[in-house]
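By convention here, the first residue in the shown sequence is residue 1. Atom set for the values below is all heavy atoms of this structure, side chains included, hydrogens, waters and symmetry mates excluded.
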Amino acid sequence: MLRSSHYELLDQLRYGESSVERKEALKDLIVFEQEGKFEDDDFLSLLKEKDKVFQIYAIGALGRQQVEKSIPLLTTLYKESNDPLILLALLDAFLLFESDAFVDVVLSRIKIPDKKKKAKKKNRSTMIFDNGFILDQVIIPSLKYLQISGGSDIKDTILPYLDHDDSNVRWHSMVVFDKLEIPLDEKKLEEIKQADKSILVREQAEIMLIKRNM
């Protein structure tokens, strides 16, 4: 049950006059977590708050404490939210769970529909499409999660991002294939090695070609 000492720190986290003050509040809250001064239901209660700061704190705490019963709620929130701060907090929490439980929902938000794939070849779209959801800030964090928790079945979803306008997105997409040991067409790798504008992407393609031929 949340007590006055919890709310004092939460208020400091929310209304602190400086970033230092807010960081200290978060640090103290994490100490409370480590000392067992929170119950799992406390985090779930904060998750339902309308205040975004409280929500983001709760998301992080649920990840740090790996509260299994929160997985359905976090998954639903990821499906429904278009707020980049909430989505980024969720992706960080997904990594902390060290679980593949969130793979499907992460893929669902970055999957480019077929009609957009065709358009992408013409205008090199850099955004995520999911009905009315258009947001590119979460592509790289999504790829980082998938690098750890994905599987071979994610190939078709990630493949279009090898042609993304952002070289960081292209590089992280290649790392997904590399870390998960998902086969990538040798001709495509040679093309990237020779023609990509980014030296890091070209180097990653070369690394993958060397591994392929070992």
Show me the donor-acceptor pairs, under 3.5 Å and distance only, between side chains in residues 4-11 and residues at least two apart or in other chains.
| unit_1 | atom_1 | unit_2 | atom_2 | d |
| --- | --- | --- | --- | --- |
| H6 | ND1 | R3 | N | 2.9 |
| H6 | NE2 | K37 | O | 2.7 |

message: Are there over 12 heavy-atom neighbours, none belonging to E181, within less than 6.0 Å of that residue's CD?
response: no

message: Please give me the minimum heavy-atom distance between S173 and L162, naming the atom from each residue.
response: CB-CD2, 3.8 Å

- request: For S70 and L73, indicate whether the former's side chain and the latter's backbone hold a donor-acceptor pair under 3.5 Å.
  value: no

field: NE2 on H172 to OG on S142, rounded to 0.5 Å
entry: 11.5 Å

query: Between the side chain of S149 and the main-chain N/O of S99, is any donor-acceptor distance below 3.5 Å?
result: yes

query: Heavy-atom distance under 4.5 Å between the side chains of L159 and L184, does that happen here?
result: yes

statement: To the nearest 0.5 Å, atom CD1 of I192 lies from atom CD of E206 at 13.0 Å

message: side-chain contact (heavy atoms from CB on, under 4.5 Å) for L90 and V138? Distances and angles first, verdict last.
response: CA-CA 10 Å; L90 285 164; V138 299; over 6 Å; no

query: Heavy-atom count around K188 NZ within 6.0 Å, excluding the residue itself: above 12?
result: yes

- prompt: K69 versus L44: any side-chain heavy-atom pair under 4.5 Å?
  reply: yes

field: Within-4.5 Å side-chain heavy-atom neighbours: K144 and I140
entry: yes

message: Quick one, Y161 with V176, criterion side-chain contact (heavy atoms from CB on, under 4.5 Å). Give me CA distance, side-chain angles, the key distance, then yes/no.
response: CA-CA 11 Å; Y161 288 100; V176 171; over 6 Å; no

message: Please check if the number of heavy atoms outside I210 that lie under 6.0 Å from its CD1 is greater than 12.
response: yes

query: What's the shortest heavy-atom distance between D196 and R202, and which atoms?
result: O-NH1, 2.8 Å

query: Atom CD in Q55, atom NZ in K52: separation rounded to 0.5 Å?
result: 9.0 Å

task: Go through the steps for I71 and T75 under the test side-chain contact (heavy atoms from CB on, under 4.5 Å), then give the verdict.
output: CA-CA 6 Å; I71 288 177; T75 300; 4.0 Å; yes

- prompt: According to a 4.5 Å side-chain heavy-atom criterion applied to Ile, Leu, Val, Met, Phe, Trp and Tyr, with indirect links allowed, do F32 and F43 form part of one hydrophobic cluster?
  reply: yes

task: Check the hydrophobic clustering (I, L, V, M, F, W, Y; side-chain heavy atoms under 4.5 Å; chains of links allowed) and say if Y15 and I56 are grouped together.
output: no

message: Suppose we screen for salt bridge (Lys or Arg N to Asp or Glu O under 4.0 Å). Which residues come up paired with D153, at least two apart in sequence or across chains?
response: none

- line: Shortest non-hydrogen pair, Q137 vs L88, comes out as O-CD2, 3.9 Å

message: For a quick test of reading the model, state the closest non-hydrogen atom pair linking R22 to G16 and the distance between them.
response: NH1-O, 2.6 Å

message: Using side-chain heavy atoms (C-beta onward) and a distance below 4.5 Å, is I154 in contact with L180?
response: yes

For S167 against S198, the heavy-atom pair lying closest together: CB-CB, 3.7 Å

task: Determine which pairs satisfy ring pair (Phe, Tyr, Trp, His ring centres under 6.0 Å) with at least one residue from residues 63-86, sequence neighbours left out, and list them in order.
output: Y78-F94

task: Look at the side-chain heavy atoms of Ile, Leu, Val, Met, Phe, Trp and Tyr, link any pair under 4.5 Å apart, and say whether L85 and L29 land in one connected group.
output: yes

Side chain proximity check, K179 to I148, heavy atoms < 4.5 angstrom: no

- prompt: Applying the 4.5 Å side-chain criterion to the ILVMFWY set and letting contacts propagate, would L200 and M174 be lumped into a single cluster?
  reply: yes

message: Contact between L143 and V175 at the side-chain level, heavy atoms closer than 4.5 Å - yes or no?
response: no

query: What do the steps show when you test V20 against K23 for side-chain contact (heavy atoms from CB on, under 4.5 Å), and what is the final call?
result: CA-CA 5 Å; V20 173; K23 286 178 182 177; 5.8 Å; no

message: To the closest 0.5 Å, what do you measure between OG1 (T157) and CD1 (I110)?
response: 6.5 Å

In one Ile/Leu/Val/Met/Phe/Trp/Tyr side-chain cluster, 4.5 Å: L96, L77: no

- prompt: Can you tell me how far CZ of F97 sits from CD of Q65, rounded to the nearest 0.5 angstrom?
  reply: 10.0 Å

- prompt: Under 30°, 30 to 60°, or over 60°: which ring-plane class applies to F38 and Y57, parallel, tilted or perpendicular?
  reply: tilted

- prompt: Closest approach of R109 and S81, non-hydrogen atoms and distance?
  reply: NH1-O, 3.1 Å

- request: Side-chain contact test, heavy atoms from C-beta onward, threshold under 4.5 Å: evaluate it for L46 versus L2 and give yes or no.
  value: yes

message: If you define the side chain from C-beta out and look only at heavy atoms, does anything of D178 sit under 4.5 Å from K211?
response: yes

query: Got a second to check how far Q66's CD is from D40's CG, nearest 0.5 Å?
result: 11.5 Å

